[in-house]
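Below you'll find the structure, written out as structure tokens, and then a few comments.
Please read all numbers here as calculations on a predicted model, not as lab measurements. Heavy-atom basis, side chains included; hydrogens, waters and symmetry copies ignored. Just so it is clear: chains get the letters A, B, ... in the order the sequence lines come, proteins before strands, and each one is counted from 1.
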Number of protein chains: 2
Amino acid sequence: MYPKQFELLIESFRKLSGVGAKTAERYAFEVLNWEDETWKQFVDAIQNTKTKLHQCERCGNISEETLCEICKDNTRDQHVICVVQEVRDIAAIEKINEYQGQYHVLNGVINTSKGILPDDLNIASLVERVKQQEVKEVIIAMNPTIEGETTALYLGKLLSEYPLKVTRLAHGLPIGSHIDYADELTLLKALENRTEL
Amino acid sequence: MYPKQFELLIESFRKLSGVGAKTAERYAFEVLNWEDETWKQFVDAIQNTKTKLHQCERCGNISEETLCEICKDNTRDQHVICVVQEVRDIAAIEKINEYQGQYHVLNGVINTSKGILPDDLNIASLVERVKQQEVKEVIIAMNPTIEGETTALYLGKLLSEYPLKVTRLAHGLPIGSHIDYADELTLLKALENRTEL
């Protein structure tokens, strides 16, 4: 229907999850109509993403160098490691400007039904860090899902033999939400974890 | 927050309309995790889009050569021109496998509130084609909007001085829809354009 070059671009956009035929077509038309400069920047950005970005050797964050900005930052607390599922979770936690420790990216969660077992995640390297660094606390920041829960419990057990504190993010009502719209499990957690005023 | 190269990629994705910060971030992570081959194809496709695709000299369709596939195809009817707003409308009409004539892309519609006047559209070249080719029918296939309507009426008037038939797509109830959900204007058009059984 369209020229081959254009079909190839549509096809590429369709590889992004959640992008259907119509949206891919729309994106392709937009790129076609972009100013040369915008377009050039896009080409460069995609090119450089694969050539210039790697996983941080220590924590698994994305980085332009061997160690990421956070691991290289000596002013940050070396005794606390926050374990996250994905790189993007680091960005979310960094945005609140509260946490000053290190991170460790698992690159997923244990999911037996999808065949993702502990060995498929960056768990061995976490244990190595716990052994080698003088870690005092590991904060487990999994998503509050069944798989996140499973992974958190697994890590808790695994790390229990080391002399450190293992904590997790609190579950409860999100700020700004309404009690009557909260699901039962959230409400249960909020009740269980109630704090004194 | 992220390495600069990655921020640049997110920024590029955000330039696509309807793509917010979260979605752009998600797309960027997906590209980062793509196989080398998929990624290379994307880079090439975007690169080639600007360097290899042009507007067809005759009808305004996108094309890898001076004339598009449709204009080059001598088996198609040279006496009928279907006038559309955008290139993507050609794809939509081609999909029904019914129309065998030529196309002409206006690249927009008359929209006085946005300052888009007839001179801003590919209307002069349409008149040229009507004069030079032996055109027997011009089918006006604008979107059924106020601007589309305005443009259709304008073209109808402009072409009335030439010895040809000017037609338009029918308005009415879409197939599979329900009368009680149809808007009043559509229902009015469906009644006006009723056909004998």
Side-chain angles (χ1 to χ4, degrees), chain A residues 1-13 15-19 21-23 25-36 38-56 61-65 68-70 86-88 90-95 107, chain B residues 1-13 15-19 21-23 25-36 38-56 61-65 68-70 86-88 90-95 107:
Chain A
M1 199 73 72
Y2 290 119
K4 184 147 181 301
Q5 287 303 335
F6 199 69
E7 291 286 0
L8 283 173
L9 183 59
I10 295 176
E11 207 180 278
S12 276
F13 274 122
K15 297 226 167 73
L16 296 168
S17 68
V19 174
K22 278 281 171 193
T23 307
E25 202 178 302
R26 184 165 62 78
Y27 287 172
F29 271 111
E30 287 196 37
V31 170
L32 188 66
N33 294 326
W34 272 354
E35 302 289 315
D36 273 7
T38 311
W39 161 73
K40 189 75 181 48
Q41 190 188 311
F42 194 32
V43 172
D44 288 348
I46 290 174
Q47 195 130 38
N48 292 339
T49 292
K50 276 279 185 182
T51 53
K52 295 197 182 164
L53 291 178
H54 331 272
Q55 282 200 349
C56 168
N61 191 4
I62 48 169
S63 172
E64 293 178 20
E65 293 168 60
C68 74
E69 292 298 316
I70 293 172
E86 309 286 352
V87 170
R88 71 184 76 181
I90 294 182
I93 295 173
E94 284 297 288
K95 263 178 208 148
N107 268 332
Chain B
M1 200 72 75
Y2 291 118
K4 185 151 180 299
Q5 287 304 336
F6 198 70
E7 291 285 0
L8 283 174
L9 182 59
I10 295 176
E11 208 180 279
S12 276
F13 274 122
K15 296 226 167 73
L16 295 168
S17 69
V19 175
K22 279 280 170 196
T23 307
E25 202 178 302
R26 184 165 63 76
Y27 287 171
F29 271 111
E30 288 196 36
V31 170
L32 187 66
N33 293 327
W34 272 354
E35 302 288 315
D36 272 8
T38 312
W39 161 73
K40 189 74 182 50
Q41 190 187 312
F42 193 32
V43 172
D44 288 348
I46 290 176
Q47 196 130 37
N48 293 339
T49 292
K50 276 281 185 180
T51 52
K52 293 198 184 162
L53 291 178
H54 333 271
Q55 283 200 349
C56 168
N61 191 4
I62 48 170
S63 173
E64 294 179 19
E65 293 169 59
C68 73
E69 292 298 315
I70 294 172
E86 310 286 351
V87 170
R88 71 183 76 180
I90 294 181
I93 296 172
E94 284 297 289
K95 263 178 209 150
N107 267 332

Rounded at 0.5 Å granularity, tell me how far [atom1] in [X] sits from [atom2] in [Y].
| X | Y | atom1 | atom2 | answer |
| --- | --- | --- | --- | --- |
| B:Ser12 | A:Ile46 | OG | CD1 | 7.0 Å |
| A:Glu35 | B:Lys15 | CD | NZ | 11.0 Å |
| A:Glu11 | B:Gln41 | CD | CD | 5.0 Å |
| B:Asn48 | A:Gln5 | CG | CD | 4.0 Å |
| A:Ser63 | B:Phe6 | OG | CZ | 12.5 Å |

message = For the interface with chain B, which of A:Ile62, A:Thr38, A:Val43 has the highest count of heavy-atom pairs at distances below 4.5 Å?
response =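 Option with the top pair count is A:Ile62.
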
Max heavy-atom pair count under 4.5 Å with chain B, selected residue of A:Gly18, A:Ala91, A:Ala28 =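 Max contact count across the listed options: A:Ala91.
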
Contacting moiety of [X], where chain A heavy atoms sit under 4.5 Å:
| X | value |
| --- | --- |
| B:Glu25 | side chain |
| B:Lys4 | both |
| B:Val87 | both |
| B:Lys52 | side chain |
| B:Phe42 | both |
| B:Leu53 | side chain |
| B:Asn107 | neither |

Quick one: does [X]'s side chain have a donor or acceptor within less than 3.5 Å of a partner on [Y]'s backbone?
| X | Y | value |
| --- | --- | --- |
| B:Glu69 | A:Pro3 | no |
| A:Trp39 | B:Thr49 | no |
| B:Lys50 | A:Leu32 | yes |

query = What part of A:Tyr2 gets closer than 4.5 Å to chain B, counting heavy atoms only: side chain, backbone, both or neither?
reply =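 Just its side chain gets close to chain B.
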
inquiry  = Restricting to side chain to side chain contact (heavy atoms under 4.5 Å, CB included), what partner residues turn up for B:Ala21, sequence neighbours left out?
reply    =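 For B:Ala21 the side chain to side chain contact (heavy atoms under 4.5 Å, CB included) partners, ignoring immediate neighbours, are B:Arg14.
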
ask   = Who passes side chain to side chain donor-acceptor pair (under 3.5 Å) against B:Glu30, sequence neighbours left out?
value =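 B:Glu30: side chain to side chain donor-acceptor pair (under 3.5 Å) contacts with A:Ser17, B:Arg26.
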
ask   = Are A:Phe13 and B:Tyr27 close enough that some pair of their side-chain heavy atoms sits under 4.5 Å apart?
value =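 A side-chain contact under 4.5 Å is absent here.
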
